[in-house]
Structure formats: structure tokens, C-alpha cells
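Position 1 is the first residue of the sequence, and the numbers go up from there. Just so you know, ligand 1 is whichever comes first in the structure, and atom 1 is the first atom listed for that ligand. When reading the values below, keep in mind they use all heavy atoms of this one structure, side chains included, and skip hydrogens, waters and symmetry mates.
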Amino acid sequence: MLPSIPRPLVVAAAVLCFYLCSSLLVAVAEAKERHYDWEISYQHKSPDCFEKLAVTVNGEAPGPTIYATQGDTVVVTVHNKLETEKTAIHWHGIRQIDTPWADGVAGVTQCPILPGETFTYKFVVDRAGTYMYHAHYGMQRVAGLNGMIVVAVPEGVREPFRYDEEHTILLEDWWHKSVYDQATGLFAKPFVFVGEPQSLLINGRGMFNCSNLAPATGTCNNSHPDCALPTQFTFVPGKTYLLRIGSLTSLSSLSFEIEGHRMTVVEADGHYVRPFVVRNLFIYSGETYSVLVKADQDPRRNYWATSHIVGRNPTTPSGKAIVSYAGNDPRKQPPTTPTAGPPWNNTAIRVEQSKAIVAHPGYVVPVPQRADRTLLLLNTQNNINGHIKWTINGVSHHFPVTPYLVSMKRGLTTAYDQRPPLDTYDHIGHDISAPAPTNGTIGSPVYRLAFDSVVDVVLQNSNALNNMSETHPWHLHGHDFWVLGHGDGKFNPAADTWRLLNVKDPIMKNTVPLHPNGWTALRFHANNPGVWLFHCHVEAHVFMGMGVVFEEGVERVGRLPSSIMGCGHSKGLH
Ligand SMILES: *[C@@H]1O[C@H](CO)[C@@H](O)[C@H](O)[C@H]1NC(C)=O
Ligand SMILES: *[C@@H]1O[C@H](CO)[C@@H](O)[C@H](O)[C@H]1NC(C)=O
Ligand SMILES: *[C@@H]1O[C@H](CO)[C@@H](O)[C@H](O)[C@H]1NC(C)=O
Ligand SMILES: *[C@@H]1O[C@H](CO)[C@@H](O)[C@H](O)[C@H]1NC(C)=O
Ligand SMILES: *[C@@H]1O[C@H](CO)[C@@H](O)[C@H](O)[C@H]1NC(C)=O
Ligand SMILES: [Cu+2]
């Protein structure tokens, strides 16, 4: 539902239609084209009071929220005005059925858009829910090019819950260092990690305490209008709100909460969840959740909405926004000190919440009972010729210059690594609670999946070179997958681990966390012709090679638009 349309009217129309015009509905609710014209440029921004160059959409970071209705076609014309930098924009959670070239991943589905060039993305939003968009070129998304996509249910269709109004909440972490500095450090010898973020942002706002800045390093002004006030959300007493929450953090796993209010989780990555109540929502980069919140607290005061880092020992202050009850001064700070959030190192409570997310009983998408192929994907951190890399089954993924979609469709076999990657690793011999002893290699191989086959993926965590195990949220492009289970320790395909899997009512998602010292199992149907990236959504990790590429039915892909070509081996192709 669009926020500008009063909900009762829509409900009334829907109820009327149910009786009077259900047969006409299909004709009435004609899909629309939604056009956007975006100029991508660097602008000086102070989202947390520290001034920095940010990549913006029409001058804003985050960019505007795209509102559409299921079945609509979204057309975004992107003008790259970055002057010295290429770009590409990914529509996170949109499956791109019949339009694999619009997925927006430089090196996978298109050549990056050159400075001064214009590129048009056109795709159908085929399922209602909450989605996001962000740059998918180098580490550019960390510089601010991101935003949300809200897809409403078609007219006459009811969601399995009621609410009065909605808000969108985009969570980010933020660095004062430029993306260039961050990316260069990760590739340098010796390796320089990006470090912990300086701030957490809620809808693009945070507040860094400028007095804590080392002398004379940049401009920081706590009175700057971009940061002086946190984001404010208004609650009218007694009303129920749908909060569409998305995380596009670069590194951090978060816990989100609203002081004094319970949240009922009802949607995850565009799929209805069997509702469950939480005080704090754990959310990983690349995930979206919708929660219902009732404005049922003392309306004479305001409340803190906060985001806290979990999974890494936090040095970053919490993100803060104000939930203000109607009638109060929305800018008035709540009288309380924001909560500290849950202990950062309690993995068990996070795994427990992950396990609580199953499909709504009325919306279970039946799971194929068995897979045609199983991929056991072990992540290890390796020192490769003095560079610190993440590898999957020994290969650190490197994006080729020529987009896979073009090279695979056109048979350009020299454009990427032809050796098939390994479906498994030494799952008996590998000690996951020690740094990897093996060497890795850098490559650009592809898992070629039989079209229409059912594929299981088991993600296996292991300790990094610092002997710590981290959280890795994995995101699959072009599909939703069933989340079959999360487990502790090492997954053993020969043992009875399969009994732990949920094939009854698993939730479908596009992003799922792999928790420290554990494994995550998922299943998907390889039925969307194209070439799709599957990767850790921690920006530094994918840049260090933590990803794989799947191809399925590329021969079924329609004629490729020549606008995605022009780089590497695709020069001169049409
Ligand atoms: C900012 O930091 C200074 C110095 O550490 C401290 O005195 C001050 O109270 C802080 N301000 C806020 C709003 O936290
Ligand atoms: C800080 O920002 C405020 C509001 O824009 C402005 O009035 C003030 O001059 C700025 N201070 C400095 C030191 O730039
Ligand atoms: C988390 O860290 C604290 C402080 O180091 C420690 O006391 C506690 O046992 C740890 N909790 C877990 C679940 O590891
Ligand atoms: C690494 O950490 C594990 C616990 O996860 C511990 O048992 C092991 O001794 C550590 N190894 C090294 C080399 O520090
Ligand atoms: C890793 O590579 C180095 C250099 O090529 C070699 O000396 C070493 O034996 C290799 N180690 C393993 C465990 O393969
Ligand atoms: Cu990761």
C-alpha cells in the first residue's frame, strides 16, 4: 500500500470489489510502468556530522524509496555523473525473471556504466514485499548508493495481517574513510582491514560526537542540519504500524529495537512469516523484515529506536532514531538512556531467532523433497601470495572484466575460468575451529546447474586467520531459496544431520546468515535462466573473494541488450 492512500479506503474498496467486481479485477488492476530518472553523483554529505563525499541519487543518500504494486514494471534511467567512476545498480530481492541482464552486477550481468553514460534498467516486480537497491560495482555501495523498494499487494488481495500505516527503516553502518581507501587497503600488501564503522545510520542519519575526532582530520559539526536531529517516526496512539526494515550494512550484524514496544515479525525478504513476537530484531546485511508495532505505550513521551552491533565486539555507538507519539514535539529527546542492546557475543540467541523464522501456515511454498545436487561450500580465509582472501572450497572469487552473462551466452570461453569449481571439500579432515592450513587460489569459475534442477547448498563456517569465526549473510541473486536449517559445528552429510532440516514449512528468503562456528542449509530451484551471483553480503568479504557464480539455462535467455556489452571480450558485440 502506498503511504499516501488512506488504508481504510483501500480496504473498503477491496471488500467492495470482493463482492462486486472480482471477475473484473484482473482487467481493472492493470500493471503500470513506474518511471524514475536518476542522476548518480558525488555530493558532500554529513550523515553523521562528519563531512564526506557520498554517492547520491538525485542528490540524496540513501536514495528515494521506489513504490510499486505487484506486477508493475519499474523503469529506472541511470545517468552516471560520477565523472571519474563507473557504476551499476542491483535490485536486491527482485528475481529478474526474463530480464537477467537487469540484475545490475558489474562483471556478472553487465559492463559497468561509464562516467557520462546513461543506462536503463527495466524489470517487473513480480511479488509484493520489501526489497532494496544498491550499487554493485567494486565497494561502491558503501559510499551511500542505496535505498528501498516497497511492492504493494495487488488490488483486492489481502495480506495475512492488518495495520493502519507504515514506515520504511533503512539501516546502515558508516565509515569516515572513503571507499577508495577501504578498497585499496583490502588489496594492499600488507593487508589493511576497513575496521569498525564510525557510526550506525537509521534512514541516513546518525550522530558522531565531533569532540572525539582526532585533531584536524576533516570537517565535523554537530550542528549540521544533516545530522543535528535523528530520524523521527510518528506514532498515533492506538494505531498499528507496519515497519518495513531493511539492512544494507557493509560489515555489521545488527539488533534493532524500539524502547518499550514489542514487534511482531510478519514478513521476511518478501515472504510471510508465521508471526512471532520479539523485543529486538536481529537483522543481517541484505535482509528485510516487516514487523507490526502497536502504539500502545504512554503517549506523553517519545521513545528511542536503536540499532546495535552484534557478532563483532562493537566500538561503534548505537544508531538512534526517535519514535514520537503524535502531539509531542517530534524532536524532543526521550527522557531515557537508550538501551545497550543484547550482548554482542551471544550467538545462541541469534541462531534461535533465525530458527524461529518459518513460513506463515497459509503461505507455505511446497519444498521439493530431495535435491538433484548438493554443494557443500566451506569458507576459509587464506593468505594467497601475501594477500588476505576469503575462499570457497579453495577458490577466491574474482570478477572478470567481461560479464559472465555475455561470455556464457555467446560462448566466449577465454573470458572466465573454465575449470569447474568443487562441489565439496574434505568435510572430515577440515578442522573448522582453526585457521585454514591450505592454500587457496584466485579464480572466476562457474557452477553450471542443470536447468530446472533442485540444488542444495550447505554453507560451512570456519575460523578466519585470526582464529575467530564471523557471521556471513549470504545473498542469492535471481532466486528465493528455502532455508532448511542452521546448525552448530560441522555439517556432516554422511551422518544424520539431514534429520535436522525443515522440509515442512521453511521460509523462503534471498539472504540468510551463516552464524559463527556453524552451518546453514538451503535449497533452491534452478529455474531462472541466467547467470547469478551468490555471495556474502559483507562488502569487504565479497571484495576479498567470498562468492560463487551459478549459471542455469543460459541458452534460454532471450536476446541480450547491447547496452550491457562493450567491455573486455564483449567489445564490438551487439
Ligand atoms: C562528546 O564527547 C565529549 C568528549 O569525550 C564529551 O564530553 C561529551 O559529553 C560528548 N557529547 C555527547 C553528546 O555525547
Ligand atoms: C556548524 O553548522 C552550523 C549550522 O549549519 C553553522 O551555523 C556553524 O557555523 C557551523 N560551524 C562551523 C564551525 O562551521
Ligand atoms: C561474552 O563476553 C563476556 C565478556 O568478555 C563474557 O563474560 C561472556 O561469557 C561472553 N558470553 C558468551 C556467550 O560467550
Ligand atoms: C583457535 O580457536 C579454537 C576455538 O575456536 C581453539 O580451540 C584453538 O586452540 C585455537 N587455535 C589457535 C591456533 O589459536
Ligand atoms: C602453499 O604454497 C606454498 C608456496 O607455493 C608451498 O610451499 C606450500 O607447501 C603450500 N602449502 C600447502 C599446505 O599446500
Ligand atoms: Cu562474510
For residues 317-327, which side-chain donor-acceptor pairs fall under 3.5 Å, sequence neighbours excluded?
| residue | atom | partner | partner atom | Å |
| --- | --- | --- | --- | --- |
| S318 | OG | H308 | ND1 | 2.8 |
| Y325 | OH | H261 | NE2 | 2.7 |
| Y325 | OH | D296 | N | 3.2 |
| Y325 | OH | Q297 | N | 3.1 |

- [ ] Would you kindly say whether T231 and N203 are connected by a side-chain donor-acceptor distance under 3.5 Å?
- [x] no

Open item on the list: Tell me whether the rings of H427 and Y425 are parallel (<30°), tilted (30 to 60°) or perpendicular (>60°).
Closed with: perpendicular

Task: Donor-acceptor pair between D173 and S252 side chains, under 3.5 angstrom - done: yes

Task: Protein residues that have a heavy atom under 4.0 Å from any atom of ligand 2, sorted by chain and number - done: N221, S223, P225

Task: Pairs where residues 225-311 contributes a residue and the test disulfide bond (SG atoms under 2.5 Å apart) is met, not counting sequence neighbours - done: C49-C227

Open item on the list: Between ligand 3 and N346, is the shortest N or O to N or O distance under 3.5 Å?
Closed with: no

TODO: With sequence neighbours left out, write down each residue that passes side chain to side chain contact (heavy atoms under 4.5 Å, CB included) with N517, or none if nothing qualifies.
DONE: N463, S469

Task: Distance-only side-chain donor-acceptor flag, T234 / Q232, under 3.5 Å - done: no

Task: Enumerated ligand 1 atoms positioned under 4.0 Å from heavy atoms of N212 - done: 2 (O), 4 (C), 5 (O)

